[in-house]
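Index from 1, following the sequence.
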Amino acid sequence: NILKKLIYILTLMVFGMVHSQENKVSDCALQTENEKWKLEFSKTDSKSEQIELIKRKLVWDSIYKETKPVINTAHGRINGHEDENGNYCGCKILFLLVPQGKGEFYELNLNSRPHLLEVIKSLNKENIKRIFYMLENDNNALGPTGRCGIIKLTTTDEELIKRIKNVLQQ
């Protein structure tokens with residue numbers, strides 16, 4: 001009889017914790033905004049307009065802070081984000097600047113690198129050669145870091161590459 005009560009109480013506690021986590025995510029606008037942004041981005045054919053959407057998204061997403069703890073794996077970083085009210089928001093789209101043929105990349109994340117704002121503002125159709133995007137993480141193809149999608153901006157612009165390297169060394 002006591003065992004049944006204990007199981008019942010534990011079940012209620014687990015259900016309550018799971019349910020409260022679901023409510024917290026629904027209290028946050030990040031995933032809704034991600035879906036709206038992905039739809040708008042995928043309908044845009046102009047590279048200039050895509051770059052402007054990316055720049056606005058990067059600034060908008062900076063209001064969501066990384067949750068702790070962050071778990072580092074061999075395949076990337078597992079983390080979530082929260083809004084200014086402490087609501088759990090899930091993941092953000094991963095944005096990368098990739099110098100063509102250099103075998104390197106730079107994550108464009110204003111939370112961990114706020115000094116990148118000037119570099120992000122300078123992105124345009126002349127210094128971005130190609131935009132690759134995968135906005136759905138089918139079969140975990142993007143790993144844990146890109147689970148909400150990935151945007152890769154490829155550049156051959158040596159001045160842009162030099163600028164981002166200088167900013168990151170500060």
Side-chain angles (χ1 to χ4, degrees), residues 28-84 88-170:
C28 180
L30 177 60
Q31 297 311 313
T32 304
E33 291 299 322
N34 277 352
E35 293 309 313
K36 287 179 190 174
W37 186 88
K38 287 175 183 181
L39 183 62
E40 185 177 1
F41 183 84
S42 62
K43 289 181 177 180
T44 304
D45 292 328
S46 162
K47 184 164 65 166
S48 292
E49 289 176 34
Q50 286 179 331
I51 291 170
E52 289 307 312
L53 285 170
I54 289 167
K55 289 162 42 172
R56 284 196 306 259
K57 180 71 170 148
L58 284 163
V59 171
W60 169 258
D61 278 1
S62 68
I63 67 170
Y64 299 101
K65 306 297 181 211
E66 223 172 43
T67 59
K68 302 292 179 203
V70 174
I71 301 167
N72 292 309
T73 71
H75 304 289
R77 195 172 67 238
I78 299 174
N79 63 316
H81 295 83
E82 63 186 17
D83 64 15
E84 65 276 2
Y88 180 73
C89 300
C91 57
K92 294 196 258 185
I93 298 167
L94 177 64
F95 293 89
L96 302 173
L97 181 65
V98 181
Q100 186 172 339
K102 304 265 187 196
E104 56 194 37
F105 64 88
Y106 304 99
E107 183 179 354
L108 301 176
N109 181 336
L110 291 173
N111 291 104
S112 59
R113 298 178 175 103
H115 44 283
L116 284 177
L117 183 58
E118 292 307 313
V119 173
I120 289 168
K121 286 181 179 178
S122 73
L123 300 176
N124 59 53
K125 69 178 185 176
E126 284 78 34
N127 61 21
I128 298 300
K129 181 176 178 123
R130 182 173 174 255
I131 300 172
F132 167 83
Y133 60 95
M134 185 182 270
L135 298 176
E136 300 303 325
N137 193 4
D138 296 328
N139 299 320
N140 255 351
L142 304 175
T145 308
R147 70 188 182 278
C148 280
I150 187 169
I151 303 278
K152 289 182 3 180
L153 304 166
T154 303
T155 186
T156 56
D157 187 308
E158 291 298 327
E159 185 60 36
L160 180 61
I161 296 166
K162 182 178 169 184
R163 196 168 341 133
I164 197 166
K165 284 181 178 181
N166 285 341
V167 168
L168 291 175
Q169 289 176 352
Q170 294 177 355

Query - Short N-O contact, Lys102 and Glu158, less than 4.0 angstrom - result: yes
When the side chains of residues 116-124 are checked against the rest of the protein, which donor-acceptor pairs come out under 3.5 Å, sequence neighbours left out?
unit_1 : atom_1 : unit_2 : atom_2 : d
Ser122 : OG     : Val119 : O      : 2.7
Ser122 : OG     : Arg163 : NH1    : 2.6
Asn124 : OD1    : Glu126 : N      : 2.8
Asn124 : OD1    : Asn127 : N      : 2.9
Asn124 : ND2    : Ser122 : O      : 3.2

First locate atom [atom1] of [X], then atom [atom2] of [Y], and finally report the distance between them rounded to the nearest 0.5 Å.
X	Y	atom1	atom2	answer
Ile51	Glu49	CD1	CD	11.0 Å
Asp61	Leu30	CG	CG	6.0 Å
Thr155	Ile131	OG1	CD1	11.0 Å
Thr154	Ile128	OG1	CD1	8.0 Å
Ser62	Lys92	OG	NZ	7.0 Å
Met134	Leu94	CE	CG	12.5 Å

Just checking [X]: does its [atom1] atom have more than 12 heavy atoms from other residues, nucleotides or ligands closer to it than 6.0 angstrom?
X	atom1	value
Lys125	NZ	no
Asp45	CG	no
Lys129	NZ	no

Query raised in the report: Does anything in residues 105-130 pair up under ring pair (Phe, Tyr, Trp, His ring centres under 6.0 Å), and if so which pairs, sequence neighbours excluded?
Result: none
Give a yes or no on whether the backbone of [Y] and the side-chain of [X] come within a donor-acceptor separation of less than 3.5 Å.
X	Y	answer
Lys57	Trp37	no
Gln31	Cys91	yes
Gln50	Thr44	yes
Asp83	Tyr64	no

Query - Student check: side-chain heavy atoms of Ile54 and Phe41 closer than 4.5 Å - result: yes
